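Down below is the structure, laid out as structure tokens.
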Amino acid sequence: MRSLEEMTAELNKEANKHREARDKYHQQASVLAEKRNKLQQKARELSDQARAYREKRDECNASARDAKQKREECNDRAAQMRARGGNGDIDGARAEAQEHHKKVVQMSAAGQANHEKMCQLMDEAAKLRDEAQVCHEQHLTCKAAADSEHKKFEEILQKIKDMRDNLPD
């Protein structure tokens with residue numbers, strides 16, 4: 001028959017294995033949580049940058065619409081002058097329409113560039129959020145494994161306590 005000390009030593013050895021495994025899982029979970037948090041923070045920063053590009057894009061698009069309207073007004077004025085037999089500064093109205101057209105082209109190009117940069121940043125942020133989600137899932141798996149090891153650790157400690165409590169006085 002094994003002695004109480006031998007059985008207790010064996011159980012303590014087993015308990016230590018579970019405690020070490022638990023601590024290892026906790027450490028891995030902490031590393032994963034830190035990585036997840038950094039990825040989420042970077043994704044938020046990229047999303048903020050994307051919002052700034054969206055605002056610039058929207059401003060460019062508004063300027064382009066405004067310039068289009070002014071160009072059309074100038075073209076309409078030139079057409080009315082031609083319809084009245086060429087009375088008025090048709091060339092001036094056309095030149096003004098051309099200036100507004102240049103602004104339409106410029107603002108449209110700027111809006112498109114801002115749109116492309118916004119989309120690039122949003123894609124990068126989405127990839128980072130996906131990576132963060134993977135880290136989060138791994139974090140949860142490690143936490144569950146740590147909890148399982150902790151439960152086994154506690155069960156062994158309870159066995160040791162029960163053995164000691166059942167000793168004759």
Side-chain angles (χ1 to χ4, degrees), residues 1-70 100-169:
M1 190 94 147
R2 293 184 304 165
S3 72
L4 175 65
E5 285 182 26
E6 289 173 336
M7 292 189 305
T8 303
E10 234 176 78
L11 288 171
N12 275 326
K13 187 177 177 183
E14 188 179 345
N16 284 335
K17 283 188 343 190
H18 290 296
R19 185 183 61 219
E20 289 169 6
R22 176 201 63 197
D23 293 346
K24 183 179 174 188
Y25 283 123
H26 275 304
Q27 177 60 29
Q28 289 173 338
S30 293
V31 168
L32 288 164
E34 186 176 329
K35 183 178 179 184
R36 174 201 63 205
N37 294 344
K38 286 179 181 178
L39 289 167
Q40 288 173 334
Q41 177 60 34
K42 182 66 177 163
R44 280 190 292 276
E45 291 168 5
L46 291 175
S47 292
D48 290 344
Q49 291 174 21
R51 268 190 289 284
Y53 278 101
R54 177 183 291 130
E55 289 172 12
K56 290 178 188 176
R57 179 205 61 192
D58 293 347
E59 290 169 7
C60 289
N61 288 346
S63 292
R65 281 190 300 276
D66 185 51
K68 278 182 186 179
Q69 182 182 347
K70 290 177 181 175
H100 290 299
H101 179 72
K102 286 179 186 175
K103 186 168 184 179
V104 168
V105 171
Q106 178 187 19
M107 290 293 103
S108 293
Q112 183 61 32
N114 284 309
H115 178 75
E116 288 170 6
K117 185 64 178 172
M118 176 196 74
C119 289
Q120 175 195 351
L121 290 168
M122 289 172 64
D123 288 345
E124 288 178 37
K127 287 176 186 171
L128 290 175
R129 280 191 290 277
D130 289 345
E131 280 183 58
Q133 184 60 34
V134 169
C135 286
H136 181 65
E137 289 165 5
Q138 291 172 344
H139 166 79
L140 294 177
T141 299
C142 284
K143 292 286 279 185
D147 290 347
S148 174
E149 291 294 335
H150 184 69
K151 184 178 178 188
K152 292 173 187 172
F153 172 73
E154 287 181 326
E155 288 170 358
I156 293 170
L157 292 182
Q158 186 61 46
K159 280 183 189 178
I160 294 170
K161 182 183 179 307
D162 291 346
M163 280 177 27
R164 288 189 174 144
D165 288 349
N166 289 330
L167 287 177
D169 290 332

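What you are looking at is a predicted structure, and each value in this text was computed from that prediction instead of being measured. Along the sequence shown, residues carry numbers from 1.
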Main-chain N/O of Glu59 paired with Ser63 side-chain donor or acceptor, under 3.5 Å |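 Looks like yes, one N/O pair under 3.5 Å.
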
Counting C-beta onward and ignoring hydrogens, is there a side-chain heavy-atom pair between [X] and [Y] closer than 4.5 Å?
| X | Y | value |
| --- | --- | --- |
| His101 | Val105 | yes |
| Lys143 | His26 | yes |
| Glu14 | Leu11 | yes |

Considering residues, nucleotides and ligands other than Gln158, do more than 12 of their heavy atoms fall under 6.0 Å from its CD?
->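 Yes.
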
Tyr53, OH: over 12 other non-hydrogen atoms inside 6.0 angstrom =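 Open: at most 12 neighbouring heavy atoms sit under 6.0 Å from OH of Tyr53.
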
Distance-minimising heavy-atom pair for [X] and [Y]:
| X | Y | value |
| --- | --- | --- |
| Val104 | Lys68 | CG2-N, 3.3 Å |
| Cys142 | Leu32 | SG-CD1, 3.9 Å |
| Ala110 | Cys60 | CB-SG, 3.6 Å |
| Cys135 | Arg36 | CB-CB, 3.9 Å |
| Leu157 | Ala15 | CD2-CB, 4.5 Å |

NZ/NE/NH1/NH2 to OD/OE distance under 4.0 Å, Asp162 and Lys159 =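 Salt bridge absent between Asp162 and Lys159.
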
Is Glu20 paired with Lys24 through a side-chain N to carboxylate O contact shorter than 4.0 Å?
-> no

Identify the residue among Arg51, Gln49, Glu116 that makes a side chain to side chain contact (heavy atoms under 4.5 Å, CB included) with Leu121.
-> Gln49

Please report the interatomic distance [atom1]([X]) to [atom2]([Y]), rounded to the nearest 0.5 Å.
| X | Y | atom1 | atom2 | result |
| --- | --- | --- | --- | --- |
| Lys56 | Asp58 | NZ | CG | 12.5 Å |
| Gln40 | Asn37 | CD | CG | 5.5 Å |
| Met118 | Leu46 | CE | CG | 13.5 Å |
| Glu10 | Ile156 | CD | CD1 | 11.0 Å |
| Lys151 | Arg22 | NZ | CZ | 15.0 Å |
| Met107 | Asp66 | CE | CG | 11.0 Å |

Among Glu137, Glu131, Arg129, the one residue meeting side chain to side chain donor-acceptor pair (under 3.5 Å) with Gln133 =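 Going through the options one by one, the only one that passes is Glu137.
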
